[in-house]
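Owing to the predicted nature of the structure, the values given are computational and were not obtained by experimental measurement. Every heavy atom of this structure was used, including side-chain atoms; hydrogens, water molecules and symmetry mates were not. Proteins come first, then strands; the chains are lettered A, B, ... in the order of their sequence lines, and each starts at number 1.
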There are 2 protein chains.
Amino acid sequence: MACGGCNRTAPRDQRAAGLAIHVGDRSLARAAPRGPRLHLKSMKQVGVVDIAREAGVSTATVSRVLNGSGAVTEATRAHVREVIARLGYTPNAFAASLRKGRNDAIGIAVASISQPWHVKLIRELRRAIRAQGFTTIVYDLEHSEEVLIEHAESARRLRLAGMVLATGDRLDAPDVRAALDQLVETVPLVVIGQQLPDAGWTTVAFDDVTASEHAVQELLERRAKPVLFLGEAASSYLSEERRIGVERALRAAPELLEGSELVTLTAGMDYAAGYREVMARAASLSQFGTVFCVNDELALGACRAVHELGFSVPNDVMVIGYGDVDMLPYVVPSLSSVSGDVHAVAERVVPAIMAGIDGRRMPNPAKLQRRIVHRESTGGSGEQ
Amino acid sequence: MACGGCNRTAPRDQRAAGLAIHVGDRSLARAAPRGPRLHLKSMKQVGVVDIAREAGVSTATVSRVLNGSGAVTEATRAHVREVIARLGYTPNAFAASLRKGRNDAIGIAVASISQPWHVKLIRELRRAIRAQGFTTIVYDLEHSEEVLIEHAESARRLRLAGMVLATGDRLDAPDVRAALDQLVETVPLVVIGQQLPDAGWTTVAFDDVTASEHAVQELLERRAKPVLFLGEAASSYLSEERRIGVERALRAAPELLEGSELVTLTAGMDYAAGYREVMARAASLSQFGTVFCVNDELALGACRAVHELGFSVPNDVMVIGYGDVDMLPYVVPSLSSVSGDVHAVAERVVPAIMAGIDGRRMPNPAKLQRRIVHRESTGGSGEQ
DNA sequence: CTGAAAGCGCTTACAG
DNA sequence: CTGAAAGCGCTTACAG
C-alpha cells in the first residue's frame with residue numbers, strides 16, 4: 001500500500017479477514033474484520049539497517065552496541081547510540097530471540113493472583129529471577145485446568161527459558177499431566193506445592209502435613225474439643241495434605257476425632273464458602289472447639305458466620321487459616337494463620353530453575369517448614 | 001557441538017559468558033556463566049521443514065494447516081496434523097510473529113496485582129480481549145514508576161498489538177510521560193483512571209469527584225460531623241480527585257469543613273497506613289463523624305484502629321472505603337465502599353483498543369458513574 | 001575494531 | 001489445492 005506523504009510501505013492490515021489464531025488445539029474465530037489499517041505516526045519501523053546506514057557503520061556494529069557484546073570503539077559506540085536515540089529505534093524482540101535461538105524470559109504461573117500469598121510469591125520470584133539476568137512473565141491460572149494447559153502451550157511456543165508453577169490445585173488430571181510432561185521436554189520447570197510421581201521436574205514444597213498436625217495439637221491444648229475442617233479435597237492437593245495432618249493430630253484422642261467434621265467443599269474456597277459452611281452448621285457449631293481452614297479467605301468468612309450466629313471468636317470457637325496474608329492483623333478479631341515464607345521458596349526455586357536452564361536436573365530440596373502465627377482468633381499471643 | 005547419540009547440532013550455550021541483556025536503558029550484568037548446556041530430551045527442535053519433509057508436502061502447506069489459512073484438502077490437512085502430533089512439533093512464536101510483522105498480544109498493566117479490584121479488572125479484560133481474537137499479557141507495576149517505564153519499553157520491543165494501563169498513580173512525572181508518549185507512537189494505548197493533557201491515547205475513567213461528593217453528602221445526612229479523609233495526593237491522581245469531591249461536599253457547611261482533616265499520606269495506602277493514621281489521632285478521633293478512605297485497605301486498617309481505641313464503628317465513627325472488594329461483606333463490621341464496575345470499564349476499553357489497532361483514535365467516552373454501597377460501617381442498609 | 005554474508009523458523013505473494 | 005522462493009529483523013561466526 002503506497003502512502004502519499006512518504007515513500008515507505010504501509011504495514012499490512014493487522015486484522016485480516018477470516019484469520020484464525022490458535023490457542024492450544026482450539027482455534028478462535030477472529031472477530032469480523034475492520035477497515036484497512038490507517039497509519040499511526042510512523043510507517044515502516046526503523047531497523048538495524050536504517051541505524052547502520054545513518055551511522056555509516058555495518059549492522060554488525062549496531063548489534064554489538066545494542067548488546068554490549070564484542071569490542072567497539074567508544075567513539076563508534078557513542079555515535080551509534082546517538083543515531084539510535086535520534087531515530088527512535090526500538091529493537092525487535094522477535095527477531096533477536098529468533099536469531100539467538102533463545103528467550104531470556106521465565107514464566108511465573110500461579111493458581112490465582114487474587115490470593116495475596118501468590119502475589120507476594122510472584123514479586124519475590126521476579127526479584128530473584130531478575131538478579132540472574134532473566135525477565136519474567138506472569139500467568140494467572142484462575143484455578144482453571146484449561147487455562148493452565150493454554151499457558152503451558154504458550155510457554156512452549158515462546159520458547160521460555162524456564163517456568164515456575166505454583167498451585168495447590170491437583171495436577172494429576174490426565175490432560176493437565178500430559179501438558180506438563182510435554183512442557184518439560186523443552187522448558188525447565190519447577191513446581192511449587194506438590195510432588196507427582198515420576199515427574200520430570202523439580203518440586204519445592206512445604207511440609208503441610210506436619211504443619212497442620214502441629215497447629216491442631218496446639219489448638220487442642222488450648223481447647224480439647226472436636227475440629228471443623230474446611231477444605232476441598234477433590235481438586236486441591238494442599239487441602240488433602242492439610243486434612244491428613246489434622247486427622248493425624250486428632251487420632252491422639254479418638255473421641256475428638258469422632259466429633260470432628262472434615263468438610264469437602266465443592267464450590268470454591270473463598271470468603272463466601274467459609275461463611276456458608278459455618279452458617280449451615282448453626283445447630284452444631286457449639287460442639288466444635290476450632291474451625292480449621294485451608295486458607296485465609298475461608299477463615300475470614302467463617303469468622304463472620306460465627307459472629308452472625310451470636311458466638312464469639314475465640315471464646316466460643318477458635319478460627320485459623322492458612323497463608324498469613326497481610327490483612328489478618330487488621331480484621332476484628334485478628335486472624336491466626338499457618339504461615340509460609342515466600343523468600344524461602346524463592347531461595348529454593350531459583351537455583352533449581354537455573355540448573356534446569358543449564359540442562360541439569362536438581363533433586364527436590366527438603367520440604368520447607370511452616371510457622372503457626374497465633375492472633376486473637378485462637379486466643380492470641382504465642383508470637384506476633 | 002556434536003552429539004554422540006544423534007547427528008544433530010546441540011543448541012548453543014543458553015547462558016554465554018559476559019552476556020548482557022538490556023532492560024530499558026540499563027544493562028544488567030549476567031550472572032557468572034555455568035558449564036555448557038547439556039541436552040534435555042531433544043536436541044535441535046523440529047521445525048516446519050521437518051514436518052514438511054516427513055509429510056511429503058511443502059512448508060507452505062504445513063503453514064496453511066497450522067494457521068487454518070488458505071485452502072487445503074481435508075486429507076492433506078489430516079495427514080499433516082498427524083505428523084505434527086507424532087513429531088511433537090510446537091511452532092516458534094518468534095518466527096511467526098517476525099514474519100507476520102505483528103503480535104496478537106495485548107498488554108494489561110495494572111498499578112498493583114495485590115489490589116483485588118485490579119485483579120477483577122485483569123480477568124474481565126482478558127475475557128473481553130480474547131473474544132476479539134487476541135491474547136493478553138499481564139504486567140504488575142508494583143506502584144513503581146521505574147517498573148512502568150521498563151514495561152513500556154518491553155511492550156515496544158515485543159511490538160504488542162495494544163496496551164491497557166490501569167493506575168491511579170500519577171503519570172505526569174517527566175520520564176513516565178516520555179515513556180508513554182514514546183510507547184503510543186507504535187502501540188495503541190488506553191489508560192484507565194486519569195486524563196493527562198494532550199495525551200495521544202484514549203482515557204476511560206470514573207467520575208470520582210462526583211462519587212466522592214455524593215458519598216460525603218449521604219454520610220453527612222447520617223451524621224453531620226467533620227470528616228477525616230485519608231489519601232495520598234502527592235503521587236496519586238485518584239486521591240486528588242476524591243479529595244476534591246469530599247471538599248466540595250463539605251463546603252456546603254463551612255463549620256464542618258473547618259473541623260475536617262484531609263490527610264496526605266506519604267508512606268503507602270495499605271492496611272498499616274489506615275491503622276497508623278487513625279491511631280495517631282486517638283485524642284481527636286471523637287470529633288470526626290466519618291473516616292473516608294481512598295481505598296478499602298486503608299478503610300480496613302482504620303476500622304481496626306477505631307476498635308482498638310475503644311470506639312465503635314459505626315456508632316461513634318463511620319468508615320467507608322473505595323473499590324468494594326469481595327472481602328468487605330465478611331469483615332466485622334462489614335465495610336461500606338464506593339464501588340466501580342469492572343465490566344463497564346472493559347466495555348469501554350475494548351472498543352477503544354480495537355480502534356487503536358485499526359489505526360483510529362477513539363475519543364474519550366463519558367466518565368463512568370460509581371455506586372455507593374452502604375454496609376454496617378456506615379450504618380448499613382441503603383442496598384446490599 | 002569492523003564488515004559482508006549467512007541464517008534463525010516461519011508466512012506469504014506468486015505461479016502453476 | 002499446492003509448491004518454490006523471498007524475506008521478516010536481527011546476531012554471529014568468519015575474515016580482515
Side-chain angles (χ1 to χ4, degrees), chain A residues 1 8-9 11-13 16 19-22 44-53 55-80 84 87 89-104 156-159 186, chain B residues 1 9 11-13 16 18-22 44-53 55-80 84 87 89-104 156-159 186:
Chain A
M1 194 188 322
R8 292 184 164 155
T9 316
R12 287 175 210 86
D13 184 356
L19 198 66
I21 67 162
H22 286 263
K44 184 172 183 316
Q45 295 195 11
V46 339
V48 274
V49 295
D50 303 293
I51 302 299
R53 190 190 317 114
V57 298
S58 71
T59 60
T61 297
V62 175
S63 178
R64 288 182 192 113
V65 171
L66 247 20
N67 294 286
S69 61
V72 183
T73 313
E74 191 45 45
T76 311
R77 184 182 305 276
H79 178 222
V80 171
I84 287 172
L87 300 198
Y89 166 65
T90 305
N92 182 320
F94 296 137
S97 284
L98 174 60
R99 182 54 234 263
K100 287 182 188 166
R102 75 190 136 78
N103 188 340
D104 283 325
R156 289 191 295 124
R157 286 177 185 255
L158 289 173
R159 305 294 190 262
T186 50
Chain B
M1 197 188 319
T9 315
R12 285 174 212 85
D13 185 357
L19 199 67
I21 67 162
H22 286 264
K44 184 175 185 312
Q45 296 195 8
V46 339
V48 275
V49 294
D50 302 292
I51 302 299
R53 190 190 317 115
V57 299
S58 70
T59 59
T61 297
V62 175
S63 179
R64 288 182 192 112
V65 171
L66 246 23
N67 295 284
S69 62
V72 183
T73 314
E74 190 45 44
T76 311
R77 185 182 304 277
H79 178 223
V80 171
I84 286 173
L87 301 197
Y89 166 64
T90 305
N92 182 318
F94 296 138
S97 283
L98 174 61
R99 181 56 233 260
K100 287 181 185 165
R102 75 190 135 78
N103 187 339
D104 282 324
R156 288 190 297 124
R157 283 175 187 255
L158 290 172
R159 305 294 191 260
T186 50

Margin query: Reading DNA chain D from 5' onward, which residue's closest nucleotide shows up sooner: A/R64 or B/S58?
Written below: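 Result of the comparison: B/S58.
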
Notebook entry, point to check: So which one's nearest nucleotide on DNA chain D is more toward 5', A/N92 or B/T59?
Noted result: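 Looking at the nearest nucleotide for each, B/T59 comes out on the 5' side.
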
Note to self: One pair to check against side chain to side chain contact (heavy atoms under 4.5 Å, CB included): B/L66 and B/I51. What are the steps and the verdict?
What the structure shows: CA-CA 11 Å; B/L66 246 23; B/I51 302 299; over 6 Å; no

Find the distance between [atom1] ([X]) and [atom2] ([Y]) and round it off to the nearest 0.5 Å.
X      : Y      : atom1 : atom2 : answer
B/R159 : B/R157 : CZ    : CZ    : 9.0 Å
B/T59  : B/D50  : OG1   : CG    : 11.5 Å
B/N92  : A/L98  : CG    : CG    : 6.0 Å

Write down the distance between [atom1] ([X]) and [atom2] ([N]), rounded to a whole number of angstrom.
X      : N      : atom1 : atom2 : value
B/N103 : D/dG9  : CG    : C1'   : 15 Å
A/R157 : C/dC10 : CZ    : P     : 10 Å
A/L98  : C/dC10 : CG    : C1'   : 8 Å
B/L66  : C/dG9  : CG    : P     : 15 Å
B/I51  : D/dG3  : CD1   : P     : 15 Å
B/R159 : D/dC8  : CZ    : C1'   : 12 Å
B/F94  : D/dG9  : CZ    : C1'   : 14 Å
A/R53  : D/dC10 : CZ    : C1'   : 15 Å

Side chain of [X]: nearest nucleotide among [options]?
X      : options               : answer
B/V57  : D/dG3, D/dT11, D/dC1  : D/dG3
A/R102 : D/dT12, C/dT11, D/dG9 : D/dT12
B/S63  : C/dC10, D/dG3, C/dT11 : C/dT11
B/R99  : C/dA4, D/dC10, C/dC10 : C/dC10

Under 4.0 angstrom between [X] side-chain N/O and [N] OP1 or OP2:
X     : N      : result
A/T73 : C/dT2  : yes
A/T76 : C/dT2  : yes
B/N67 : C/dT11 : yes
A/T61 : C/dT2  : no

Margin query: Roughly how many Å apart are D/dA13 and D/dG9, using the P atom of each and rounding to a whole number?
Written below: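 Comparing P positions in D/dG9 and D/dA13 gives a spacing of 23 Å.
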
Next item on the list: Please name the pair of heavy atoms, one in A/N103 and one in A/L158, separated by the smallest distance, quoted to 0.1 Å.
Entry: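 Minimum heavy-atom separation between A/N103 and A/L158: ND2-O, 2.9 Å.
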
Margin query: Could you go through A/V57 and A/T76, starting from their C-alpha distance and side-chain angles, then the distance that decides it, and tell me whether this counts as side chain to side chain contact (heavy atoms under 4.5 Å, CB included)?
Written below: CA-CA 9 Å; A/V57 298; A/T76 311; 4.2 Å; yes

Indicate, with a heavy-atom threshold strictly under 4.0 Å, whether [X] touches base, sugar-phosphate, or nothing.
X     : result
B/V72 : sugar-phosphate
B/A71 : base
A/A60 : base

Next item on the list: Tell which nucleotide pairs with C/dT2, taking only Watson-Crick or G-U wobble pairs whose two distances are both under 3.5 angstrom.
Entry: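 WC or wobble partner is D/dA15.
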
